[in-house]
Structure formats: C-alpha cells, structure tokens
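In this text, all values refer to a predicted model and were calculated from it rather than measured experimentally. Proteins come first, then strands; the chains are lettered A, B, ... in the order of their sequence lines, and each starts at number 1.
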Amino acid sequence: MEKVSLPKGTRDFGPTQMAKRLFLINSIKKVFQKYGFQPLETPAMENLSTLTGKYGEEGDQLLFKILNSGDFLKDVEAAKLETRNSKLITSDIAEKGLRYDLTVPFARYVVMNRHEITFPFKRYQIQPVWRADRPQRGRYREFYQCDADVVGTDSLLCETEIILMIKEAFASLGIADFSIKINHRAILSGLAEIVGAAQNESALFVAIDKLDKIGEEKVKEELKAKGFDDASLTLLFDILNFKGTTAEKVDFLTTKFSSSEKGKKGLSDFSEVLSLLKKFGATDEHVEFDISLARGLSYYTGCIFEVKISNVGVGSVSGGGRYDNLTAVFDSKEKSSGVGFSFGIDRLYDAMEELKIFPKEASAASTVLVAHLDEESFTFGLKIAQSLRDRNVACEIYPDQSKIKKQLEYADKKKIPFVIVIGSEEVKTGQLTLKKLESGQQLKLTFQEIADAMQLYK
RNA sequence: GUGGGUGUAGUUCAGUUGGUUAGAAUGCUAGAUUGUGAUUCUGGAGGUCGUGGGUUCGAGCCCCAUCACUCACCCCA
C-alpha cells in the first residue's frame with residue numbers, strides 16, 4: 001500500500017473530534033450572536049498585496065503563497081530568473097496567498113464595504129488560517145481562529161461586554177476555573193514613562209510580557225542587555241511585584257502615576273470598565289488586573305485582555321484588545337477604531353480534553369440503534385426507526401442481516417446509548433426490548449413509552 | 001532560521017556487552033454463547049526493525065549519510 005500522509009502541521013478531524021469541536025464552536029457562536037455580533041466569512045485566499053507587509057518581515061516569510069495558474073514562468077524576465085533569488089521572483093509567479101489571520105481580511109472587508117456597513121459594526125468570524133511556521137506542540141500550519149470585533153466606536157461598553165461574553169462562553173463550556181487578565185496599553189506607557197523608558201517602550205513590553213513564563217531574573221537579564229540600569233529596574237519591579245486586590249492595585253498605581261497623563265488615562269478607562277460591569281449586574285469574579293500583561297501585538301492602544309485556564313498545560317486560550325485604527329494598513333481615511341478578541345479553538349479543545357469536561361452526548365452519533373434478528377423484524381424496525389426520527393430522535397437501523405452480537409458491538413463502538421432489539425417476539429406482541437448499553441439494563445416497553453423516554457436524551 | 005530527542009506489529013512501547021526463530025499490552029479477527037455489547041476465557045492473523053551505505057564471522061543494537069516525526073528557542077494562536 002502506498003504510504004499516504006498529511007502535510008506537516010495539518011490535521012484531520014474525525015467524527016469524535018468533530019463532535020467536540022462543533023460543541024465548542026456552536027457554544028461560542030451562540031454567545032456572539034446573543035450580543036449582536038453577525039457572522040462574516042472571507043475567502044481562504046487573498047491577493048498577496050493585501051497580505052504582505054502587514055505582519056512584519058517575519059510574517060511575510062510565514063505566508064503561504066499560491067502559484068499562478070498556467071505557464072507562470074513564461075513572462076518572468078530571464079535576468080531575474082538567473083539570480084535564483086526566490087524572493088525576487090515571488091511577485092511575478094504568485095499573486096495570491098492563503099490568509100494569515102482574520103484581522104487583515106476583516107480590515108480589507110471594512111475598507112471595501114465602508115459605504116454599506118452600518119457602524120458600529122459587530123462581526124464574528126470562525127475560519128481556518130495558515131502559517132508556514134515550523135509546527136510544534138499546540139502550533140499548527142493550519143488552525144482555526146475565532147474572532148469577534150466591534151469597529152466604529154470608542155465606547156468602553158465593548159470592553160465590558162467582551163468580559164461578559166468570555167464569562168458566558170466559559171460557563172456554557174463548563175470551564176469554571178479561569179482568569180481574565182486585563183491591562184491597558186496606556187498603563188504600560190505610564191510605567192515606561194516612570195522608569196525612564198518612554199523611548200524604548202517595545203523592548204520593555206516584550207520583556208515584561210514574559211514575566212510569568214521565564215521569571216523575574218531572566219526578564220531583568222534581558223532588560224539589562226537592552227540598556228536598562230539598576231535604578232529603573234528596581235523601580236519597575238517595585239510596581240510589577242505589587243500584590244493586592246484590583247482596587248488596591250488601582251489605588252497604588254494612582255499614586256505612582258500622579259505625573260503621568262497616559263498612566264492616568266489608562267487607569268480611568270480600566271475603572272470605567274469595572275464600573276460598567278457592576279452596572280450590568282455582573283461581578284468582577286475571574287477578572288484580574290495584571291500590570292505585567294503586554295501581549296505581543298503592537299497595534300493595541302487601549303485595554304488588552306488575555307484569558308488563562310487554571311491547572312492546564314496550554315497557554316492563553318483567548319485574548320484581544322482595543323486598537324485605534326483597524327484600516328490604517330490600507331491607508332483608509334476613515335477612522336475605524338475598535339476592539340476585538342478571539343478564542344483559540346484548538347487550545348480550548350486541548351484544555352477541555354485535559355480537564356475531561358466535554359459532555360458525553362457531544363461524541364455520540366445516534367441516540368438509538370434498531371437491531372433486528374430476521375427479515376420480518378428488519379421490516380418492522382424500519383417503521384420504528386422512522387417514527388423515532390419523526391419525533392426528532394437521532395436513530396439508525398443496522399443495515400445488514402447480521403448476528404445480534406455484531407449489531408450490539410456496532411452500537412458499543414459508536415457509543416450509541418440505546419438499542420431497540422426486535423425479533424419475532426417483539427413483532428408479535430408490540431412490546432419492544434430497549435437496552436441501555438452503559439448499564440446493560442433491559443426493559444420491555446411499548447413504542448410510545450420508548451419514544452417518550454427518548455425525548456430526554458435528544 | 002538555531003539546537004536537542006525519537007524512528008521496532010494498526011496503535012503505545014520493551015528488546016541485556018552485538019549472538020539461534022524480534023516480544024508485550026492494546027486493537028483486529030474467530031470461537032466459548034443459534035436473542036445480547038462492554039467484562040471473562042481460548043485460539044488466529046499481523047514486522048523489509050524509516051531508508052541507503054559502512055564496520056563485523058554475525059547488526060534491531062555500533063558508525064556515516066538521508067528522510068520522517070517530535071520537543072525547545074525566536075516568533076506566535
């Protein structure tokens with residue numbers, strides 16, 4: 001047999017995985033829709049010009065490019081080909097690429113349709129993206145992103161609703177132990193100002209973002225290497241290491257930021273979000289003010305979020321933040337500030353698998369299998385199966401005349417919870433045999449009784 | 001891009017200083033049981049030891065190359 005395989009970093013999702021993935025995706029979709037977000041889908045491929053230059057030089061290299069159709073080398077200048085420099089001829093032989101994320105295609109969509117869109121525009125988008133990265137644990141070349149954004153408003157209501165949505169999504173998924181870490185870009189800028197690193201913000205942010213991953217000492221080393229002196233490091237960690245409740249942290253920073261306008265602005269935004277949360281009637285349970293949270297993406301300008309599930313080996317499962325101008329990358333004149341966040345479906349899946357909290361029904365195919373012992377029972381069973389389907393019960397009848405043993409094995413393997421066994425006895429009396437596979441328990445019941453009981457398992 | 005690790009049955013893995021016919025668990029399959037799965041018992045099938053070369057009387061084991069997978073770093077979800 002020929003050896004078949006999958007491209008590196010890609011995966012099949014079999015029926016049992018799909019059942020769980022759909023449970024996850026549908027739960028999240030429901031929450032998005034409940035908060036007024038509308039679905040958007042964009043093509044897997046975009047013009048390469050739409051994608052290049054948006055993710056930095058590294059990002060450009062991670063783009064999957066699509067060869068032009070036909071004789072794509074025909075019109076390339078001979079001199080260019082001679083150089084054997086792939087980068088040089090890329091633009092001549094590939095004008096399309098696979099999307100790298102959902103944000104840039106969304107920005108493109110907003111720019112293209114700005115006259116039709118009613119702002120504030122709330123959309124969600126759940127689609128695969130592709131990166132020519134080297135795969136490793138929890139990182140794939142094809143993976144799903146699950147984004148929700150609001151564009152066209154500065155209101156902090158959006159930030160508050162994001163918190164509510166995260167809480168609601170996790171509640172419906174059955175994840176109880178998690179924390180929503182929040183920080184504000186302006187608070188970070190304030191921090192940079194105080195320690196005299198206003199000119200060197202990004203180096204500072206990248207370093208302190210790693211704090212919980214590599215520890216205080218390593219971060220100090222990294223910052224020293226980048227020219228930070230001992231005095232500013234002491235000052236910095238004095239603030240980063242402050243422990244206390246959210247309110248205490250805010251008070252503490254208010255005194256520290258007395259001279260920093262940016263810092264004050266960040267704190268007031270953050271306090272506003274907390275106060276709106278209260279007005280919604282929600283608590284700040286699971287919400288944690290984390291001064292060291294920076295997130296890599298430099299285009300965030302306001303609140304930033306990151307969600308971690310406790311006691312699992314996966315990284316953050318959700319994140320996002322506010323940005324000033326989504327469409328700036330396309331030189332759009334319209335100001336399109338907004339706030340967005342996304343769920344990492346693959347990581348959520350891994351986390352829920354690790355916690356073993358996927359509901360059992362999520363993996364079951366049918367609720368009932370109709371098993372039969374002879375030709376006559378099979379014919380009788382067809383009616384039973386269809387009547388159950390009429391009552392919206394997922395049901396299948398075994399297609400072949402096989403030994404009852406084989407039919408039960410089939411139900412067991414497919415994790416079908418109930419089997420109706422039909423033989424000459426059942427056909428004659430109309431009393432059907434219902435077997436619950438998990439317990440092995442078996443009852444003689446009428447069709448109506450079974451149909452009623454199955455309503456509970458739909 | 002940089003640096004580790006691992007390739008043996010469908011799957012997860014044992015395999016002694018290099019020495020007869022390469023094992024286990026699980027899965028698959030047949031039966032014990034002609035109306036009952038999962039559990040129990042009995043039998044059976046299943047391997048070019050990733051690939052190519054080298055050392056040796058002899059290589060799953062040692063050496064070289066190559067490919068695949070995998071983990072970490074950079075970056076990211």
Side-chain angles (χ1 to χ4, degrees), chain A residues 1 3-11 14 55-63 99-103 126-147 202 206-207 209-210 213-214 218 222 294-298 305-309 313-321 340-351 369-374 376-378 381 398 401-428 431-444:
Chain A
M1 192 170 65
K3 251 191 192 170
V4 289
S5 67
L6 237 35
K8 196 186 282 205
T10 66
R11 300 153 293 164
Y55 310 105
E57 203 177 319
E58 291 241 10
D60 283 356
Q61 294 194 328
L62 298 181
L63 285 174
R99 74 166 99 77
Y100 180 90
D101 70 359
L102 299 180
T103 308
I126 305 175
Q127 288 189 277
V129 303
W130 294 268
R131 294 183 189 179
D133 218 355
R134 182 183 290 208
Q136 51 181 280
R137 182 174 162 84
R139 272 172 80 173
Y140 305 96
R141 285 184 154 175
E142 178 186 67
F143 63 96
Y144 276 71
Q145 284 192 337
C146 175
D147 282 19
S202 59
V206 168
D209 194 39
K210 296 180 193 163
K213 203 172 168 190
I214 62 174
K218 287 266 170 75
E222 193 171 323
R295 287 186 66 79
L297 292 165
S298 51
F305 309 91
E306 194 161 284
V307 184
K308 285 212 166 120
I309 300 175
V314 296
S316 72
V317 293
S318 176
F341 77 115
S342 87
F343 286 107
I345 301 279
D346 300 283
R347 284 186 176 178
L348 268 174
Y349 181 101
D350 290 345
L369 174 77
V370 177
H372 43 85
L373 293 157
D374 51 39
E376 193 196 7
S377 324
F378 175 70
Y398 198 82
Q401 293 287 334
S402 302
K403 277 189 253 180
I404 186 71
K405 179 186 169 84
K406 196 163 180 195
Q407 301 186 43
L408 281 163
E409 259 172 17
Y410 173 83
D412 182 52
K413 278 181 189 155
K414 284 189 78 173
K415 297 205 163 50
I416 298 172
F418 295 97
V419 176
I420 296 176
V421 182
I422 301 176
S424 52
E425 186 84 354
E426 283 82 358
V427 174
K428 198 162 60 188
Q431 289 280 306
L432 308 179
T433 302
L434 178 72
K435 186 181 176 86
K436 185 176 186 179
L437 265 71
E438 197 185 357
S439 61
Q441 189 190 5
Q442 212 162 294
L443 292 170
K444 287 269 185 186

Enquirer: What is the distance from CZ of A/R131 to C1' of B/C74, rounded to the nearest Å?
Expert: 15 Å
Enquirer: Which base, if any, makes a Watson-Crick or G-U wobble pair with B/U66, both distances under 3.5 Å?
Expert: B/G50
Enquirer: Is B/A9 paired to anything, Watson-Crick or G-U wobble with both distances less than 3.5 Å, and if yes, which nucleotide?
Expert: none
Enquirer: Nearest heavy atom decides the nucleotide; on that basis, is A/D346 or A/K444 closer to the 5' end of RNA chain B?
Expert: A/K444
Enquirer: Is A/D346 salt-bridged to A/R11, cutoff N-O under 4.0 Å?
Expert: yes
Enquirer: Under a 3.5 Å cut-off for both contacts, is B/G3 paired Watson-Crick or G-U wobble with anything, and if yes, with which nucleotide?
Expert: B/C71
Enquirer: Need the pair for B/A59. Rule: Watson-Crick or G-U wobble, both distances under 3.5 Å, any strand; none if unpaired.
Expert: none
Enquirer: Expressed in angstrom and rounded to an integer, what is the separation of A/R11 atom CZ from B/A77 atom C1'?
Expert: 11 Å
Enquirer: Looking at A/R139 and B/C75, is any side-chain donor or acceptor paired with a base atom of the opposite kind under 3.5 Å?
Expert: yes
Enquirer: If you count every heavy atom of other residues, nucleotides or ligands that lies below 6.0 Å from A/E438 atom CD, does the total exceed 12?
Expert: no
Enquirer: What is the distance, to the nearest angstrom, from the CZ atom on A/R141 to the P atom on B/C76?
Expert: 18 Å
Enquirer: Measure from NZ on A/K435 to P on B/A38 and round the result to the nearest Å.
Expert: 10 Å
Enquirer: Tell me: CD1 of A/I404 to P of B/U33, nearest whole Å?
Expert: 18 Å
Enquirer: Within the 4.0 Å heavy-atom criterion, would you say A/Q136 contacts the bases, only the backbone, or no part of the nucleic acid?
Expert: base
Enquirer: Taking B/C41 as the reference, what is the distance to B/U33 when you measure between their C1' atoms (whole Å, please)?
Expert: 12 Å
Enquirer: Base, sugar-phosphate alone, or nothing: which one does A/Y410 contact when heavy atoms must sit under 4.0 Å apart?
Expert: nothing
Enquirer: To the closest 0.5 Å, what do you measure between OG (A/S316) and CG (A/L348)?
Expert: 10.0 Å
Enquirer: Can you check the distance between B/C74 and B/U17, where both ends of the measurement are the C1' atom (answer in whole Å)?
Expert: 43 Å
Enquirer: Contact class for A/Q61 (heavy atom, under 4.0 Å): base, sugar-phosphate, or nothing?
Expert: nothing
Enquirer: Tell me whether A/K444 at atom NZ has more than 12 heavy atoms from other residues, nucleotides or ligands lying less than 6.0 Å away.
Expert: yes
Enquirer: So what's B/A38 paired with, Watson-Crick or G-U wobble, going by both distances under 3.5 Å?
Expert: none
Enquirer: Let me know, please, whether A/P7 or A/G344 comes out on the 5' side of the other along RNA chain B by nearest nucleotide.
Expert: A/P7
Enquirer: Figure out the CG/P separation between A/D412 and B/U36, and round it to whole Å.
Expert: 15 Å
Enquirer: Under 4.0 Å between any heavy atoms, over every strand shown, what does A/E426 touch: base, sugar-phosphate, or nothing? Just pick one.
Expert: base
Enquirer: Would you say A/F143 stacks on B/A77, if stacking means ring centres under 5.5 Å apart and planes within less than 30 degrees?
Expert: yes
Enquirer: Check whether the side chains of A/Y410 and A/K414 place a donor and an acceptor atom closer than 3.5 Å, and report yes or no.
Expert: yes
Enquirer: Identify whether any heavy atom of A/Q407 sits under 4.0 Å from a base atom; if not, whether one sits that close to sugar-phosphate; answer base, sugar-phosphate or nothing.
Expert: nothing
Enquirer: Give a yes/no on whether any side-chain N or O of A/K403 is located under 4.0 angstrom from OP1 or OP2 of B/G31.
Expert: yes
Enquirer: Counting heavy atoms from C-beta on, name the nucleotide in B/G35, B/C75, B/G37 closest to the side chain of A/E425.
Expert: B/G35
Enquirer: Look at the side chain of A/R134 against the base of B/U2 and say whether a donor-acceptor pair falls under 3.5 Å; ignore hydrogens and angles.
Expert: yes
Enquirer: Under a 4.0 Å threshold between the charged nitrogen and the carboxylate oxygen, would A/R141 count as salt-bridged to A/D133?
Expert: no
Enquirer: Just by distance, no angles: are the side chains of A/E426 and A/T433 close enough, under 3.5 Å, to form a donor-acceptor pair?
Expert: yes
Enquirer: Give a yes/no answer on whether the side chain of A/K405 brings an N or O atom under 4.0 Å of OP1 or OP2 in B/A32.
Expert: no
Enquirer: Send over the distance from A/Q145 CD to B/C76 P, rounded to a whole Å.
Expert: 13 Å
Enquirer: What contact category does A/K413 fall into here, base, sugar-phosphate, or nothing, at under 4.0 angstrom with non-hydrogen atoms?
Expert: sugar-phosphate
Enquirer: Scan A/G59 against the nucleic acid and name what it touches under 4.0 Å (heavy atoms): base, sugar-phosphate only, or nothing.
Expert: nothing
Enquirer: Report the distance from atom CG of A/D133 to atom P of B/U70, rounded to the nearest whole Å.
Expert: 13 Å
Enquirer: Taking any heavy-atom pair under 4.0 Å as a contact, classify A/T433: base, sugar-phosphate, or nothing.
Expert: base
